[in-house]
Number of protein chains: 2
Amino acid sequence: MGTKGASNRQRIIEAADRLFHTRGYNQTSFSDISEVTGIPRGNFYYYFRTKDDILNAVVEDRLGSYRRMLSACERATDDPRQRLLSFVDILDSNAEGIIQSGCPIGSLTSELAKDDPELQLKSREVFDLLRDWLAKQLDMLGLENSTQRALDILARMQGVSIIACAYKDRAYLQRNMDELKGWINGFTMN
Amino acid sequence: MGTKGASNRQRIIEAADRLFHTRGYNQTSFSDISEVTGIPRGNFYYYFRTKDDILNAVVEDRLGSYRRMLSACERATDDPRQRLLSFVDILDSNAEGIIQSGCPIGSLTSELAKDDPELQLKSREVFDLLRDWLAKQLDMLGLENSTQRALDILARMQGVSIIACAYKDRAYLQRNMDELKGWINGFTMN
DNA sequence: GTCTATAAATAGATAGAC
DNA sequence: GTCTATCTATTTATAGAC
C-alpha cells in the first residue's frame with residue numbers, strides 16, 4: 001500500500017467521520033465526501049467496496065482515537081476518580097459539535113438502529129469501549145455493578161446531549177456536565 | 001373536505017408517524033408510505049405539497065395525542081406527584097418501540113438537527129409540550145427551577161432510551177424507569 | 001377526489017481508459 | 001493508483017386523464 005493511497009483513504013475516512021456527524025450517515029452521499037476531499041466519486045471504490053465499508057472504517061478510526069485518549073488519560077493519573085472527571089472533560093471539549101449535531105456516537109448509533117442491525121452493532125462498539133473503560137475505573141473505586149453504573153454515566157451524557165442539541169442550549173450542557181462531575185465525586189463516598 | 005378525503009389524509013399521517021419512528025424521516029420514502037397505506041404516491045400531493053408538510057402534520061398529530069394523554073392524566077388525579085409518575089408510565093408503555101427504534105420524539109429531533117433547522121424546530125414542539133406540562137406539575141409541588149428540572153426528567157428518559165435501544169436491553173430500560181420514579185418521589189421531600 | 005405516467009434529480013455502484 | 005463516463009435504481013415532485 002503506497003503512501004499516497006493510504007493518505008487518500010485516510011482523507012476519505014476523516015471527511016466521512018465529520019459528515020456522518022454533521023449530516024448523518026444516510027444523508028451523507030459520495031458526492032458530499034467527494035466535494036470535501038476533492039477525490040472523485042469513482043475513486044472511492046478503489047479503497048472501499050461499499051458505503052457500509054466506509055462506515056466500518058470510520059468506526060474503527062473512532063475506536064482508535066478514543067483508545068488513544070483513554071490511554072493518555074490513564075497515563076496522566078492513577079486516581080480513578082480523576083480519570084472519570086477527565087473523561088467528562090474530554091466529551092465536554094466537543095461541546096460545540098454536540099450543540100449543533102448531537103453526540104457523534106449516540107446520534108450515529110440511534111440512526112443505524114432504524115436502518116441496519118449489523119451497522120448498529122458496529123457503531124455500538126464505541127459505546128462498548130467507553131462502557132468497559134468506565135467500568136474499570138469504577139471497579140478501582142471499589143464500586144459494585146460497575147458495568148451498570150458505567151452505562152448510567154453514558155446514559156446521562158446522552159440525555160443531556162439530546163436536550164442541549166434540541167434547544168441549542170450550551171449553558172444547559174455545561175451545567176449538567178458540572179453536575180455529572182459532582183455525581184461522580186459522590187461515588188467515592190459510597 | 002369530504003369524509004373519505006380526511007380519512008386518506010389521516011391514514012397517510014398515521015403510516016408516516018410509524019415509519020418516521022421505525023425507519024427515520026429521511027429513510028422513509030413516499031413509496032414506503034404508499035405500500036403501507038395502499039394509496040398511490042401521486043395522490044399524496046393532493047393532501048400535502050411536500051414531504052416536509054407530511055412531517056409537520058405528523059408532529060401536529062403527535063402533539064394532539066400527547067395533549068389528550070396529558071389531559072387524561074390530569075383528570076385522573078389532582079396530585080402532581082402521581083401525575084409525574086403516570087407520565088413515566090405513559091412512555092414506559094411504549095417500551096418495545098423504544099428498544100427497537102429509540103424514542104420517537106428524541107430520535108426524530110436528533111435526526112432533524114442534522115438536516116433542516118426549521119424541521120427540527122417543528123419536531124421540538126413535542127419536547128416543549130412535555131417540558132411545560134412537567135414544569136407545571138413541579139411548580140405545584142413547590143419546587144424552584146421547574147423548567148430546568150423538567151428538562152432534567154426529559155434528558156434522563158432520553159439517555160436511558162438511547163442506551164436501552166443501543167443494547168436492546170429491556171431490563172435496563174425497566175430498571176431505570178423505576179429509578180426515575182424513585183427520583184421523582186424524592187422531589188416531594190425538598 | 002383518485003390514479004397512472006412520467007419528469008428531473010440524485011443515490012450507490014461499475015467499467016474501463018490512463 | 002487515479003479519474004471519467006456511465007449504469008441502474010430510487011427519490012421527490014408534476015401533469016393530466018378519469
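The figures that follow rest on heavy atoms only: side chains count, while hydrogens, waters and symmetry mates do not. A, B, ... follow the sequence lines: proteins, then strands. Residue 1 opens every chain.
Rounding to whole angstrom units, CZ of residue B/Phe44 and P of C/dC3 are separated by 11 Å. Computed from coordinates, the B/Phe30 CZ to D/dT14 C1' distance equals 12 Å when rounded to whole Å. Atom pair B/Ile39:CD1 and C/dT4:C1' shows a separation of 16 Å (rounding to whole Å applied). Following rounding to the nearest Å, A/Ile33 (CD1) and C/dT10 (C1') show an atom-to-atom distance of 15 Å. For B/Gln27 and D/dT12, the CD to P distance is 10 Å, given to the nearest whole Å. Atom CZ of A/Arg41 and atom C1' of C/dA11 are 10 Å apart (whole Å). Rounded to an integer number of Å, the gap from A/Tyr45 OH to D/dC7 C1' is 12 Å. Residue A/Asn43 contributes atom CG, which lies 16 Å from atom C1' of D/dT6 at whole-angstrom precision.
Between B/Asn8 and the phosphate of C/dT2, there is a side-chain N or O to OP1/OP2 separation shorter than 4.0 Å. Taking 4.0 angstrom as the limit, B/Ser31 places none of its side-chain polar atoms (N or O) nearer than this to OP1 or OP2 of D/dT10. Distances shown here put every side-chain N or O of B/Tyr46 at or beyond 4.0 Å from the OP1 or OP2 atom of C/dT2.
Taking the nucleotide of DNA chain C with the nearest heavy atom to each of A/Gly42 and B/Gly42, the more 5' of the two is matched to B/Gly42.
Listed by first and then second residue, the side chain to side chain donor-acceptor pair (under 3.5 Å) pairs involving residues 163-172 of chain B are A/Asp128-B/Tyr167, A/Asp152-B/Tyr172, B/Glu96-B/Arg170 (not counting sequence neighbours).
Separation of the A/Phe87 and A/Tyr66 ring centroids does not fall under the 6.0 Å cut-off.
In this structure, the side-chain hydrogen bond (donor to acceptor under 3.5 Å, both in side chains) partners of B/Glu14, at least two apart in sequence or on a different chain, are B/Gln10.
The residue B/Ser34 sits apart from the nucleic acid: no heavy atom pair falls under 4.0 Å.
We find that A/Lys114 and A/Glu111 are not joined by a salt bridge, their nearest charged nitrogen and carboxylate oxygen being 4.0 Å or further apart. Using a 4.0 Å cut-off between a side-chain N of Lys or Arg and a carboxylate O of Asp or Glu, A/Asp78 and A/Arg83 qualify as a salt bridge.
Distance from the side chain of A/Ser29 is smallest for C/dG12 among the nucleotides D/dT12, C/dT4, C/dG12. Here the side chain of B/Tyr47 is nearest to one of C/dG1, D/dA13, D/dT6, namely C/dG1.
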